[in-house]
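Heads up: the structure comes next, in structure tokens.
Not measured: the values here are computed from a predicted model.
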Amino acid sequence: MEARRDVFQAIADPTRRAIIGMIAKEPTNVNTIAEQFDVSRQAISLHLKILTECGLLSVKQQGRERICEAKLEKLGEVNEWIAQYKQFWTQKLDALENYLNDLSDDASADKMLNHEKSTGKISKGTGRP
């Protein structure tokens with residue numbers, strides 16, 4: 001049974017993320033990519049195979065060299081997935097900020113009221129100056 005590959009599997013590995021970063025800047029040959037990592041060329045070939053199967057790169061033969069070129073459109077799937085959680089957490093953090101501001105405003109009002117009481121600047125019976 002062949003494993004189904006998707007863009008999330010591609011970015012799950014730090015070596016693959018580094019390879020994507022390299023080839024996103026400019027098409028790069030396989031040997032240059034392999035030289036950048038302290039793993040075997042066979043391991044790099046496996047990473048390139050996974051990235052190709054996930055649709056994030058294409059490998060083209062140019063003479064004796066194999067050139068890897070980025071195809072980053074599929075990263076849009078990751079962006080969409082992340083965006084929903086970004087919106088969720090933004091709303092939660094905004095609600096927390098509002099709550100903390102309300103607490104701070106209440107604490108400031110209490111502090112002012114206590115200060116006025118201690119200095120005798122409050123009119124009797126109203127609680128206000």
Side-chain angles (χ1 to χ4, degrees):
M1 184 175 154
E2 189 174 317
R4 182 181 178 281
R5 308 260 191 221
D6 67 15
V7 69
F8 294 95
Q9 183 179 9
I11 64 170
D13 183 273
T15 301
R16 289 194 289 270
R17 290 192 304 268
I19 291 170
I20 292 168
M22 286 178 62
I23 64 172
K25 294 174 186 163
E26 64 181 303
T28 308
N29 72 47
V30 172
N31 290 331
T32 302
I33 293 169
E35 290 169 357
Q36 302 301 312
F37 300 95
D38 192 23
V39 296
S40 69
R41 288 185 189 263
Q42 186 177 25
I44 294 299
S45 291
L46 179 59
H47 286 302
L48 294 175
K49 178 182 177 189
I50 292 170
L51 289 169
T52 301
E53 290 173 358
C54 294
L56 290 175
L57 72 84
S58 63
V59 181
K60 297 177 183 170
Q61 194 74 35
Q62 285 186 353
R64 293 191 291 171
E65 291 186 337
R66 292 176 33 217
I67 306 295
C68 299
E69 187 172 347
K71 295 170 48 179
L72 304 179
E73 296 81 20
K74 289 232 176 192
L75 289 177
E77 290 177 41
V78 176
N79 186 48
E80 289 173 17
W81 184 77
I82 289 171
Q84 67 184 341
Y85 294 101
K86 181 180 179 183
Q87 180 181 3
F88 171 82
W89 284 110
T90 298
Q91 290 171 348
K92 294 293 183 188
L93 290 172
D94 287 347
L96 176 62
E97 181 181 27
N98 291 337
Y99 175 75
L100 293 174
N101 285 338
D102 289 346
L103 284 179
S104 177
D105 291 346
D106 289 347
S108 294
D110 287 346
K111 187 175 180 181
M112 184 183 303
L113 185 61
N114 288 336
H115 175 73
E116 290 172 351
K117 283 181 184 176
S118 68
T119 59
K121 293 183 178 178
I122 296 181
S123 303
K124 292 185 180 177
T126 64
R128 295 281 178 213

Can you tell me which residue pairs pass the side-chain hydrogen bond (donor to acceptor under 3.5 Å, both in side chains) test with a partner in residues 93-103, sequence neighbours excluded?
-> none
Is there a side-chain contact between Asn31 and Arg41, using heavy atoms and a 4.5 Å cut-off?
-> yes
Members besides Ile50 in its Ile/Leu/Val/Met/Phe/Trp/Tyr cluster (side-chain heavy atoms under 4.5 Å) = Leu46
Listed by chain and number, what are the side chain to side chain donor-acceptor pair (under 3.5 Å) partners of Glu65, not counting sequence neighbours?
-> Asn29
List in chain and number order the residues that pass side chain to side chain donor-acceptor pair (under 3.5 Å) with Lys60, two or more places apart in sequence or in another chain; answer none if no residue qualifies.
-> Glu69
Residues forming a side chain to side chain contact (heavy atoms under 4.5 Å, CB included) with Val30, sequence neighbours excluded | Leu48, Arg66, Cys68
Would you indicate whether Gln61, at its atom CD, is surrounded by more than 12 heavy atoms from other residues, nucleotides or ligands within a distance under 6.0 Å?
-> yes
Contacts table for residues 14-23: side-chain donor-acceptor under 3.5 angstrom, sequence neighbours left out:
| from | atom 1 | to | atom 2 | distance (Å) |
| --- | --- | --- | --- | --- |
| Arg16 | NE | Ala10 | O | 3.1 |
| Arg16 | NH1 | His47 | ND1 | 3.2 |
| Arg16 | NH2 | Gln9 | O | 3.0 |
| Arg17 | NH1 | Ile11 | O | 2.7 |
| Arg17 | NH1 | Ala12 | O | 3.4 |

Of all heavy-atom pairs between Cys54 and Lys74, which one has the smallest distance, and what is that distance?
-> O-CD, 3.5 Å
Inter-residue atom distance Leu57.CG - Ile33.CD1, 0.5 Å rounding | 7.5 Å
Cluster question for you: counting only ILVMFWY and a side-chain heavy-atom cut-off of under 4.5 Å, with indirect links fine, are Phe37 and Val59 together?
-> yes
Residues which pass side chain to side chain donor-acceptor pair (under 3.5 Å) with Gln36, listed by chain and number, not counting sequence neighbours | none
Atom pairs and distances, side-chain donor-acceptor, residues 76-92, under 3.5 Å, sequence neighbours left out:
| from | atom 1 | to | atom 2 | distance (Å) |
| --- | --- | --- | --- | --- |
| Gln84 | NE2 | Trp81 | O | 3.4 |
| Thr90 | OG1 | Lys86 | O | 2.7 |

